[in-house]
Amino acid sequence: MWDSALRYDGPMTDAASDTSDAPPRLDALDRAIVLATQGGLPLDPRPWERVAEQVGVDAAEVMERVRRMLENGCIRRIGAVPNHYALGYRANGMTVWDVPDERVRELGGKVGRLPFVSHCYHRPRHLPEWPYNLFAMVHARTRDEALRLVEEIARLLGDADRGHQVLFSTRILKKSGLRFRDRDRDGRA
Amino acid sequence: MSHRETSMSPAELGWIERHLLNDFQHGLPLEPRPFQIMAERLGVSEQEVIDLLRRLQNEGFVSRVGAVFRPATVGASTLAAMAVPEERLEEVAGVVSGYPEVNHNYQREHRFNLWFVATAADEEHLRRVLGEIERRTGLPVLYLPMLEDFHIDLGFELQWT
């Protein structure tokens, strides 16, 4: 068994790191809106009004805050969030790549723009067990189809691909929507 | 919770459902009556849009209709992996999934066979949870926090053929 040498001692989130990518700060009202909407908008003719009632401001203020969070990148998109698995995309491949650190931003940007990649992140290596620093999620109906997409990524990376693997999921053990909880109410027993 | 088993197959979805799923993964109008605007674009009634979205949600084809937040917008989160001996997989997976801080937990084909995402109000809380999982299972946890996000998330092009 390996020991704490594998432990990552850097920042746990990009919010704590000094990348220019750090998300903007949210104030109490923004946080209240995030908490009220993270499970989905009410399917009501006036959904923002329902949210507004919950957080205690008017609908125009809620929409303005949401617009601002969209602009500054806290919200990536608003819409229907499809369940890929239920829609038949059962081959879920996490592809991991070892690329030169100095090129990870350039290459990550290219991979992240591929239409079949749903997430693309730079994550820390843990040598020697884990040499991969670029992650890209690929969804397809079958493994063969997924593997063809992986080959497409490999071609795009060319010589920068110093090694890669595809980790297919075999079982979903838990999947719940992301739930942020308020600091005050947080804490396990 | 595992994914919901659907009673309908995706092939049975009608064209309005397909358009709702494909065309509105982003750009839900920031207007007082967004479903009315969607309805006008699709040439159906507002109530029809709401009913169809509700049905897609109930059938499990849509997880929710709403905002997709950038990771770590509020709180701290990380991807984590464990190499669990096959005979301990059920037990360890149960420990990991038992934490409310863990919102995804997948088994994958690899020596690192258990992959999960943990989210907490702050980094200290997150480290405490991962440390507790290591102590309770006696297995190390590989911490893989996101350092940079490269994806321009406009949703995912669904194909129906």
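Note on naming: letters A, B, ... go to the chains in the order of the sequence lines (proteins, then strands), and numbering restarts at 1 for each one.
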**Asked** Is it true that a side-chain atom of B:Asn105 and a backbone atom of A:Leu173 form a donor plus acceptor pair closer than 3.5 Å?
**Response** no
**Item:** A:Asn83 CG to B:Leu21 CG distance, which is reported to the nearest 0.5 Å
**Value:** 10.0 Å
**Value rounded to 0.5 Å, distance of CZ in A:Arg171 from CG in B:Leu114** = 9.0 Å
**Request:** Identify the two heavy atoms, one from B:Gly60 and one from A:Ala86, that lie closest to each other, and give their separation to 0.1 Å.
**Result:** O-CB, 3.4 Å
**Asked** Would A:Val104 and B:Leu147 count as a side-chain contact (heavy atoms from CB on, under 4.5 Å) if you check the C-alpha gap in whole Å, the side-chain angles of each, and the deciding distance to 0.1 Å?
**Response** CA-CA 11 Å; A:Val104 72; B:Leu147 301 176; over 6 Å; no
**Sub-4.5 Å side-chain heavy-atom contact between B:Phe150 and A:Leu134** = yes
**Message:** With a 4.5 angstrom heavy-atom cut-off, is it the side chain or the backbone of A:Gln165 that approaches chain B, or both, or neither?
**Reply:** side chain
Could you give the side-chain donor-acceptor pairs of residues 48-55 of chain B under 3.5 Å, partners two or more places apart or in another chain?
| from | atom 1 | to | atom 2 | distance (Å) |
| --- | --- | --- | --- | --- |
| B:Asp51 | OD1 | B:Gln47 | NE2 | 3.0 |
| B:Arg54 | NH2 | A:Leu43 | O | 2.5 |
| B:Arg55 | NH1 | B:Glu17 | OE2 | 3.2 |

**Message:** One pair to check against side-chain contact (heavy atoms from CB on, under 4.5 Å): A:Leu167 and B:Tyr106. What are the steps and the verdict?
**Reply:** CA-CA 11 Å; A:Leu167 284 74; B:Tyr106 283 78; over 6 Å; no
**Asked** Under 3.5 Å, is there a donor-acceptor pair between the side chain of A:Thr170 and the main chain of B:Glu109?
**Response** no
**Asked** Do you know which two heavy atoms are closest between A:Pro124 and B:Pro145, and how far apart they sit?
**Response** CD-O, 3.1 Å
**Request:** Might you confirm whether atom CG of A:Asp27 has over 12 heavy atoms from other residues, nucleotides or ligands at distances under 6.0 Å?
**Result:** yes
**Message:** At a heavy-atom distance under 4.5 Å, which candidate from A:Val81, A:Leu41, A:Asp44, A:Asn133 has the highest pair count against chain B?
**Reply:** A:Val81
**Asked** Which distance, rounded to the nearest 0.5 Å, do you find between the CG of B:Leu144 and the CZ of A:Phe135?
**Response** 4.5 Å
**Item:** B:Glu31 side, atom CD; A:Trp48 side, atom CH2 - distance, nearest 0.5 Å
**Value:** 10.5 Å
**Complete:** Given A:Pro42, A:Cys120, A:Ala136, the one with more heavy-atom pairs under 4.5 angstrom with chain B than any other is A:Cys120
**Prompt:** Measuring from B:Glu148:CD to A:Tyr121:OH, what's the distance to the nearest 0.5 Å?
**Reply:** 12.0 Å
**Asked** What closest approach, in Å, do A:Gln38 and B:Phe69 show between heavy atoms, and which atom pair accounts for it?
**Response** CA-CE1, 3.9 Å
**Request:** Check whether B:Glu90 gets within reach of chain A through its side chain, its backbone, both or neither, counting any heavy atom under 4.5 Å.
**Result:** side chain
**Item:** Check: B:Phe112 and A:Glu129 side chains under 4.5 Å, non-hydrogen atoms
**Value:** yes
**Asked** Mind checking whether B:Leu30 and A:Leu70 have side chains closer than 4.5 Å, heavy atoms only?
**Response** yes
**Request:** Would you indicate whether the side-chain heavy atoms of A:Arg76 and B:Asp149 approach each other to under 4.5 Å?
**Result:** yes
**Item:** A:His122 side chain near B:Met146 side chain, heavy-atom distance below 4.5 Å
**Value:** no
**Request:** State, yes or no, whether a side-chain contact exists between A:Pro47 and B:Phe35 at a heavy-atom distance under 4.5 Å.
**Result:** yes
**Request:** Using a cut-off of under 4.5 Å on heavy-atom pairs, state which of B:Pro34, B:Gly94, B:Pro32, B:Ala93 scores highest against chain A.
**Result:** B:Pro32
**Minimum-distance pair of heavy atoms, taken over all atoms of A:Ser169 and B:Arg108** = N-NH1, 3.4 Å
**Message:** As an exercise, state the distance from CZ of B:Arg18 to CG of A:Leu87, rounded to the nearest 0.5 Å.
**Reply:** 10.0 Å
**Asked** Any link between A:Val51 and B:Ile37 through a network of hydrophobic side chains (Ile, Leu, Val, Met, Phe, Trp, Tyr) touching at under 4.5 Å?
**Response** no
